[in-house]
Number of protein chains: 2
Amino acid sequence: MTSQPRRPQTVKVRDVARAAGVAVGTVSRVLNDRPTVTRELRERVERAMADLGYEVDVTAQSMRAGRSRLVACAIRDFDIPRFALFIKEAEAVLREAGYTLLLASTTNRPEVEISLLRAFRRRRVDGVMMTLSDEAHRDVRQALAEAPMPVLLIDRDSIEALDRVTADHRLGARLATSHLLGLGHRRIAMLVGDIKAFPSRSRLEGFREAYSAAGITPDSRLLRHNVLSSEDAYRATASLMNLADPPTALFVAAMDMLGGCLRALRTMSIDVGDGISVVAGSDSDLAELHTPPITAIEWDLAAMGRHAATMLLERMRGDEIERGRGLTVPTELIIRGSSRSLAR
Amino acid sequence: MTSQPRRPQTVKVRDVARAAGVAVGTVSRVLNDRPTVTRELRERVERAMADLGYEVDVTAQSMRAGRSRLVACAIRDFDIPRFALFIKEAEAVLREAGYTLLLASTTNRPEVEISLLRAFRRRRVDGVMMTLSDEAHRDVRQALAEAPMPVLLIDRDSIEALDRVTADHRLGARLATSHLLGLGHRRIAMLVGDIKAFPSRSRLEGFREAYSAAGITPDSRLLRHNVLSSEDAYRATASLMNLADPPTALFVAAMDMLGGCLRALRTMSIDVGDGISVVAGSDSDLAELHTPPITAIEWDLAAMGRHAATMLLERMRGDEIERGRGLTVPTELIIRGSSRSLAR
DNA sequence: CTCGGATGATGAACCGGTTCATTGACTCCG
DNA sequence: CGGAGTCAATGAACCGGTTCATCATCCGAG
């Protein structure tokens, strides 16, 4: 007998089998709802399990089965309020299907993404949903290609071999920009995140499309990218408004950056609506209840979460599906008082 | 030979051992950084692992060791923006220590809490952090008492046998209420969550303390509890303001309910500050950037997350610690323009 | 030269379920 | 009545690491 890691005595299939007077295999079949068990034995086993307070060890099940019933979700940073909606819905769908959600944040760094992928495979995680900081990153792409489990990308779209769930950020940005151009604005500043990755890149494309559709060329000095925190947004806004020729409209395209922008405008005593028009890249209580209320792009993050979980479940079931399905959730523009026509 | 669940061929300790020309036990010792391995063998083993692209199977490790290096976090509902801060920090501390975070939401229902606890023990989770919908619930208390792993309560304090991390909500509510009383308000309405559980109960206590300190009795008809969603807050606010004798101040004590309240006031064309004073139970971009800015209670949720993770780690290490430590994070009141003295 | 002790390596047993080849009982039919 | 076929139940082998009793080697002391 080798050593016993000290641990409270637990009831095992063996014990249940003995108590019910059956073989361990029978207990296992009862546990897994196999049809080939007579009602009488099933009942005896179930009674024994209840009497002894038996509980399966998922670890042991996972080991033999080679799957863990774990799904990992790794996103840039989960203190983005609206993102929580995505996770919440995804978790609900996964739990319903018997899976448990593992959560980790990548802090938007490729090396963390790679090391998380490794950690996930060590845990024999059955599926992964994640964002990427840089879709073109060599090592990340390699790690994704080598991942033994299905991976679904959240709001990233350039890797065709993988399933993707995205919002139509290009459309949203085009709508927002066209709206401002239609109001007479010509100097529109844009605050976006990392344009190496999908959402910001798409937003920039939408922005440029709207400009070309209007036959105008945007002033590239009014573009601020790598705006990833509220502080970044604050600084970017301040520097834009300090230009000799400041913008007449601000398109705060990155998610959840509106606060930093408004804080800067307030510090500089610039009135939203009068002094400058503002459009937010995502809706929020703040956008809705601000004075004046802020025009914003909106989409259904809860639906994204549900779709992501559902698609991943299908993939994990090994259904015969084409490689790399993309699903896009539409965006729309909610026009409010913060975007006004340019009085000349 | 029994069946092989079809699965990509993986490299195992056996293979590494063969390639390095050592015993499996030696490979295991290298993996776990045991000191009793000569440098030469260690290097040979490490080279073999690199050559073969070996990766340990955490499932197998967990099985033998009886621990999973998983920590579960179950909270009411993680679409509470500021709560994400807690999770983010806790996850960072846990990951640093080699643990992975499992996430689930209880939707504030005792039966879900119980079933999650059961699921966690089936997974041999090493520790749990959670909120409770009702600290007095018999079955929940029983499930907690029977849990084989340490459990830490988040913002709940009545179960002395367990570790707890709380914010001083009683203090916050007392500060907020005293502030309003000091401004001359006598009819202060309060919106709270479920007063069966800690944070709302404590807030109510703080509220009452402030009233008794002032020698006044609050009007109980101005108390609205079970305000758990933005819609609840909207309805509660509307019904309060429709009273024959409406309140002069609103204390929206529940977390993240400010939006619903402000929405109702705007619908009813009641001006914050002039028509009614408002104090929020938690700070947010919305509170800060509203016009007028909203007086709010603030505390450090990130620190709570760090402390929770640290305390749980100590407990999981089995350090000799007294049962049930409580840690309280202070709250403070940020006074802004939404709370004004009552013009008579 | 021998013996005791220290050090490092070995590999079989073990963790707790699941699987499947095998067995046993029973039915059906010629 | 015998043989084929059906269906449940059995239990040993297995999943992939970890552990520890045992063994081999080496060194220094006597």
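Proteins get letters first, then strands, A, B, ... in listed order; numbering begins at 1 in each. This one's a predicted model, so the numbers in the text were calculated from it and none came from an experiment.
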For A:Phe86, which residues count as a ring pair (Phe, Tyr, Trp, His ring centres under 6.0 Å) partner, sequence neighbours excluded? A:Phe83
Expected list for residues 14-25 of chain A: side-chain donor-acceptor pairs under 3.5 angstrom, two or more places apart:
from, atom 1, to, atom 2, distance (Å)
A:Asp15, OD2, A:Lys12, N, 2.8

Could you check whether B:Glu89 pairs with B:Arg306 (Lys NZ or Arg NE/NH1/NH2 to Asp/Glu carboxylate O, under 4.0 Å)? yes
Rounded to the nearest 0.5 Å, what separates atom CD1 in A:Ile87 from atom CG in A:Leu103? 5.0 Å
B:Met63 atom CE is separated from C:dG16 atom P, nearest whole Å, by 8 Å
Can you tell me how far C1' of D:dT10 sits from CZ of A:Arg14, to the nearest Å? 16 Å
Using the side chain to side chain donor-acceptor pair (under 3.5 Å) rule, collect all pairs that involve residues 41-51 of chain A, keeping only residues at least two apart or in two chains. A:Glu40-A:Arg44
Salt bridge (charged side-chain N to carboxylate O under 4.0 Å, His left out) filter on A:Asp163, not counting sequence neighbours, yields A:Arg315, A:Arg325
Residues that A:Arg164 engages under salt bridge (charged side-chain N to carboxylate O under 4.0 Å, His left out), provided they are two or more places apart: none
Helical stems, DNA chain D - three or more consecutive Watson-Crick or G-U wobble pairs below 3.5 Å: C:1-30 with D:1-30
For the pair made of CZ in A:Arg67 and P in C:dG17, what is the distance, rounded to whole Å? 14 Å
Counterpart residues, side chain to side chain donor-acceptor pair (under 3.5 Å), relative to B:Thr328 (two or more places apart): B:Thr166
Does B:Arg67 have any salt bridge (charged side-chain N to carboxylate O under 4.0 Å, His left out) partners at least two apart in sequence or in another chain, and if so, which? none
Do any of residues 19-29 of chain A sit with a heavy atom less than 4.0 Å from DNA chain C, and if so which? A:Gly25, A:Ser28
One should read off an interatomic distance between A:Leu162 CG and A:Leu132 CG, to the nearest 0.5 angstrom, of 8.5 Å
Drop me the distance from B:Asp77's CG to B:Thr107's OG1, to the nearest 0.5 angstrom. 8.0 Å
Between B:Thr106 (side chain only) and B:Glu113 (backbone N and O only), is there a donor and an acceptor less than 3.5 Å apart? no
Looking at residues 32-51 of chain A, who's got a heavy atom less than 4.0 Å off DNA chain D? A:Thr36, A:Val37, A:Thr38, A:Leu41
Check whether any side-chain N or O of B:Gln61 sits under 4.0 Å from OP1 or OP2 of D:dG17, and answer yes or no. no
Salt bridge (charged side-chain N to carboxylate O under 4.0 Å, His left out) contacts in which one or both residues fall within residues 139-155 of chain A, not counting sequence neighbours: none
Atom pairs, protein N/O to nucleotides 22-28 of chain C N/O, distance under 3.5 Å:
none

